Amino acid sequence: MPAKRQLIRDHSAEANLFARRATIAFLIVVAMLGIVLSNLYVLQVKQYDDYQTRSNGNRIKVLPIAPNRGLIYDRNGVLLAENRPVFSLEVIPEQIDNLDETMEALTTLMSITLEEKESFYSTLRGQRRFKPVALRTQLTEEEVALFSAQQHRFPGVSIEARLSRHYPFKDALTHVLGYVAKINKKDLQKLVEAGQEANYAATHDIGKLGIEKYHEDLLHGSVGYQQVEVNNQGRIIRVLSTDPPVPGKDLVLNIDIEMQLAAQKALDGGRGTIVITSTDTGGVLAMYSSPSYDPNLFVHGISRKNYSALLNSPDRPLINRATQGQYPPASTIKPHLALLGLEQDVINIDTTINDTGRYRLPNVSHVWRDWKRWGHGEVNVSKAIEVSCDTFYYDLAYQLGIDKISEAMFEFGFGEFTGIDLYEESDANMPSRGWKRARFNQPWYIGDTIPVGIGQSFWTTTPIQLTHSMNTLVNRGERYVPQLLRGFRYEQGQVELEPLKSLRPLQISEPKNWDIVLDAMHDVVHGEEGTARHAFKDTPYESGGKTGTAQLFSIGQNEKYEEDEVDERLRDNAMYVGFAPFDDPEISITVVIENAGGGSSHAAPVARQMMDFYFRDREFIQPVPALADTPSSGDVSE
Amino acid sequence: MKKNTLKANQSSFLQRIHIDGVLFLGLLALMAVGLITLYSASGQDPGQMERQYTRLGVAIIVMVGMAQIPPMAYRRLSIYAYAVGLLMLIAVLVFGDIGKGAQRWLDLGFIRFQPSELMKLAVPMMVAWYISKFTLPPKMLQIGTGFALVVVPTILIAKQPDLGTSLLIASSGVFAIFLAGMSWKLIGLVAVAIGAFAPIMWFFLMQEYQKQRVTTFLNPESDPLGAGYHIIQSKIAIGSGGVDGKGWLQGTQSQLEFLPERHTDFIFAVFSEEFGLLGVLGLLAIYLFIILRGLIIAARAQDAYSKLLAGSITLTFFVYVFVNMGMVSGLLPVVGVPLPLVSYGGTSMVTLMAGFGILMAIGTQKRFLSR
């Protein structure tokens with residue numbers, strides 16, 4: 001029976017068969033676990049370093065920390081540029097149970113606009129829920145107070161502070177300090193080219209103009225880093241280590257804010273500029289260009305409307321007239337030409353001419369007139385400076401010739417950048433034969449030379465150049481680059497002075513010639529016929545100076561004239577250069593007032609106002625205590 | 001002397017309640033490791049820990065309960081369990097609830113039930129019952145029928161789709177046939193047949209997400225933020241654990257949540273990260289110990305049914321271990337197989353312990369018949 005036979009089993013054989021199979025199965029199990037184990041060995045031992053690195057790459061993030069921007073002080077320790085907290089209302093969506101309800105309550109409390117809401121929600125969509133989203137930036141103090149009182153009602157909503165640049169003196173220092181604003185694409189490209197982008201990784205703003213731009217590298221500081229552990233959402237779990245940022249250096253400027261404010265007041269919003277420097281250091285005590293504008297507008301992004309108003313204003317507030325304004329120097333350069341004439345032995349102290357008010361060249365029909373129609377009569381070089389005789393200088397220019405004038409005036413710094421620590425500087429124009437050929441493809445005519453004697457005929461200068469050249473005169477050839485930066489400020493207000501920047505001195509063969517020229521400038525102010533004698537009547541100090549009246553020029557070459565403004569814009573520029581005290585000069589001053597009229601009647605009184613301010617209200621300029629006396633040349637104590 | 005008596009008393013108590021002390025010790029060790037790891041993997045979540053304690057408790061009770069039933073009763077039950085399981089699998093495909101994109105649950109009104117869990121035990125019982133009706137080694141016809149008994153539920157479960165479970169069920173049946181003494185020649189043939197079946201699976205049976213898992217497995221770096229993310233993060237966790245691990249609760253991949261599914265299917269990565277290769281060696285030793293004990297119980301069993309069933313349950317337990325560790329460490333594609341008795345999760349744990357209960361019943365309830 002086959003069915004029965006199947007029931008007869010060989011249990012022992014079956015048990016042996018099973019035991020064999022079970023043993024084989026166990027060996028397979030061991031072998032397969034061996035495979036698993038060898039794979040784990042590869043991962044955990046052979047490739048350990050690689051996976052260790054990737055694990056750390058997962059969890060460790062390096063966050064840059066922005067350094068605090070250096071502050072800017074005036075020479076007496078008055079804060080000119082500061083970092084102020086600006087407050088913004090921020091919402092952390094994750095911490096809010098009912099966002100719509102919260103938003104509604106906030107809208108009622110803070111009068112949130114529809115635009116603010118829209119921008120909030122669009123930012124919200126693109127962000128992790130634990131990251132704060134700003135609902136309103138730049139809260140006013142009232143808004144901060146309003147919210148703070150109700151804060152308990154809004155868990156997950158808070159007021160956050162960020163440091164932002166602020167210029168407390170507003171438009172008084174715009175052309176000196178410049179401003180910072182948000183780093184844009186172009187800035188970023190420059191930073192990349194300079195290999196600085198890592199240093200700016202956390203930085204919001206960058207210097208765009210003035211000192212803020214010129215000394216950006218000093219003011220910025222170095223970025224810091226924080227190593228943090230993050231989870232898979234990018235949320236910071238803990239800080240592993242911190243490498244703190246190095247704050248930017250605090251700068252001290254040569255500017256004296258009181259003088260600066262006085263200059264602003266003196267110009268009273270009209271078009272013009274005042275530059276005041278320390279004669280023995282080149283330090284700029286005041287530099288005001290009028291009209292000006294509030295730099296704080298730019299820090300948080302200026303509105304299109306405001307910017308367009310500044311850009312299109314016929315008064316051109318955006319340019320720094322002190323360093324970018326190109327004015328014919330007019331009679332203010334007569335002392336320089338006099339010195340050249342004396343040095344070249346073209347004239348001496350006894351050389352005189354008889355000024356009839358008209359100057360002609362042989363065989364030329366053109367007549368050059370003196371500003372005084374009937375002339376000054378018999379004048380020598382000194383008198384010609386005192387009364388600002390034009391005819392004497394027509395003749396002097398004629399005798400010197402353009403080549404000698406150009407060469408010598410270049411030595412005084414005309415037609416060249418002074419090197420002041422601002423990028424906004426023009427080199428203006430010192431005309432020469434070569435220049436005229438290149439510019440107009442025309443030869444230099446003798447008739448071009450004559451008006452050069454009175455600082456006209458293609459000759460333009462910036463007020464800072466005038467100041468610079470006058471300092472050279474006053475210092476008898478010693479030359480210092482005009483500088484805004486005085487030094488660096490450390491704790492407790494100690495200041496480390498920057499070394500003075502001196503240039504190769506101007507050397508002349510007969511030192512007595514300095515005295516002839518400077519004495520003549522003294523007579524401009526104190527002489528019986530001095531052109532500035534009215535303006536400087538009865539000053540308690542003695543000073544030297546020179547008036548200038550430039551005809552028919554305006555600062556820009558592309559300026560469009562409004563028909564009804566033409567008259568005003570064609571009026572003379574009033575100019576004055578001066579220094580004081582006469583015996584031991586401390587300060588030099590340049591005043592340019594556009595389209596105001598004559599220099600003696602409109603610029604000289606402003607210069608006197610400034611000198612009076614300097615001497616009356618502050619007998620001495622108090623230097624800030626120095627940390628280290630580092631100047632390489634000259635004497636820094638004033 | 002005293003010690004021996006105590007031991008004898010103890011074992012006699014365990015014997016009375018039909019518990020295999022050695023096997024139970026291995027399981028408890030494993031559960032302890034599991035709880036320690038879960039505490040870390042869950043982010044010290046007391047809620048999850050509590051639920052896991054409850055499950056373990058239930059699972060142990062189920063195991064003890066299952067151990068009381070005589071092996072002969074299991075033998076008689078085999079065909080009914082299999083028939084009911086098969087019907088329910090069909091019912092799931094027709095009426096089943098959809099959870100996580102797969103139909104696995106059957107809602108019986110008072111309880112939601114996963115029929116595939118029943119089949120994990122019913123299939124080896126059925127195959128063992130069928131093969132053991134005949135003398136061993138099985139003949140060609142019996143092997144063919146045996147495979148048919150395995151393939152039908154496997155395909156039904158694969159269609160749910162639940163690749164992991166179907167793989168476990170297929171192996172449980174195949175192990176029973178293998179242990180019964182299927183000739184090596186045939187094994188070779190079957191291996192070739194499976195090789196031929198693979199492309200058919202790929203083109204006709206596998207769902208898109210399953211195919212994606214396989215392609216991702218072959219090259220996880222091709223999609224590091226998408227499908228490959230699991231495997232990459234898991235390998236980083238394991239690899240960065242090194243020889244001695246980062247320490248308990250110190251695994252950055254798991255604690256900072258870079259590792260997905262860290263308390264369920266990928267808990268082995270958490271363990272490897274925190275305890276390193278040395279810890280893994282210890283864990284493997286525990287698993288090997290349990291498997292060895294299971295196979296010894298199987299070899300000592302008195303009848304063919306018990307032998308085949310006990311062997312099959314033990315080897316299937318190994319498949320869990322191998323597939324889970326293989327997928328977590330990047331050796332195998334990601335199929336949803338938990339690390340047995342360590343991963344968080346209920347159903348599979350209860351089924352596993354029920355299987356060990358059967359194993360204990362076989363190991364402790366002898367009929368004292370002549371061999």
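Proteins come first, then strands; the chains are lettered A, B, ... in the order of their sequence lines, and each starts at number 1. Remember, it's a predicted structure, so these values are computed and weren't measured experimentally.
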> When you measure from the side chain of R21(A) to the backbone of F178(B), do you find a donor-acceptor pair of N or O atoms at a distance under 3.5 Å?
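Between the backbone of F178(B) and the side chain of R21(A) there is a qualifying donor-acceptor contact (under 3.5 Å).
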> Which one wins on heavy-atom pair count under 4.5 Å against chain A: T314(B), L292(B), L281(B), I291(B)?
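Of the options given, most contacts go to L292(B).
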> Using non-hydrogen atoms only, which part of I236(B) is less than 4.5 Å away from chain A: side chain, backbone, both, or neither?
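The answer is both parts of I236(B).
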> Would you confirm whether Q44(A), through its side chain, and S272(B), through its main-chain N or O, come within 3.5 Å as a donor-acceptor pair?
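Checked: pair present.
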> Quick check on the interface: out of L277(B), L295(B), V243(B), who has the most heavy-atom pairs with chain A under 4.5 Å?
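Highest number of pairs under 4.5 Å: L277(B).
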> How many angstroms lie between CG in L308(B) and CZ in F18(A), if you round to the nearest 0.5 Å?
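Rounded to the nearest 0.5 Å, the CG-CZ separation comes out at 6.0 Å.
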> Do N231(A) and Q255(B) pair up side chain to side chain, a donor and an acceptor below 3.5 Å, judged on atom types alone?
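On atom types as modelled, these side chains do not qualify, holding no pair under 3.5 Å.
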> Sort V280(B) into side chain, backbone, both or neither according to what part of it lies under 4.5 angstrom from a heavy atom of chain A.
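Contact with chain A: side chain only.
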> L259(B) versus chain A, heavy atoms under 4.5 Å apart: side chain, backbone, both or neither?
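When you check distances to chain A, no heavy atom of L259(B) falls under 4.5 Å.
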> When you measure from the side chain of N39(A) to the backbone N and O of S329(B), does any donor-acceptor pair fall under 3.5 Å?
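Such a contact is found between N39(A) side chain and S329(B) backbone.
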> I296(B) versus chain A, heavy atoms under 4.5 Å apart: side chain, backbone, both or neither?
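Contact with chain A is absent: no heavy atom of I296(B) under 4.5 Å.
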> Do R20(A)'s NZ or CZ and the ring of W184(B) fall within the cation-pi criteria of under 6.0 Å and 45°?
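Negative - R20(A) is either too far from the ring of W184(B) or too far off its axis.
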> Name the region of F258(B), side chain, backbone, both or neither, that has any atom closer than 4.5 Å to a heavy atom of chain A.
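It is both, since atoms from each part get that close.
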> Is chain A contacted by the side chain of A237(B), its backbone, both, or neither, given a heavy-atom distance below 4.5 Å?
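Looking at A237(B), nothing touches chain A.
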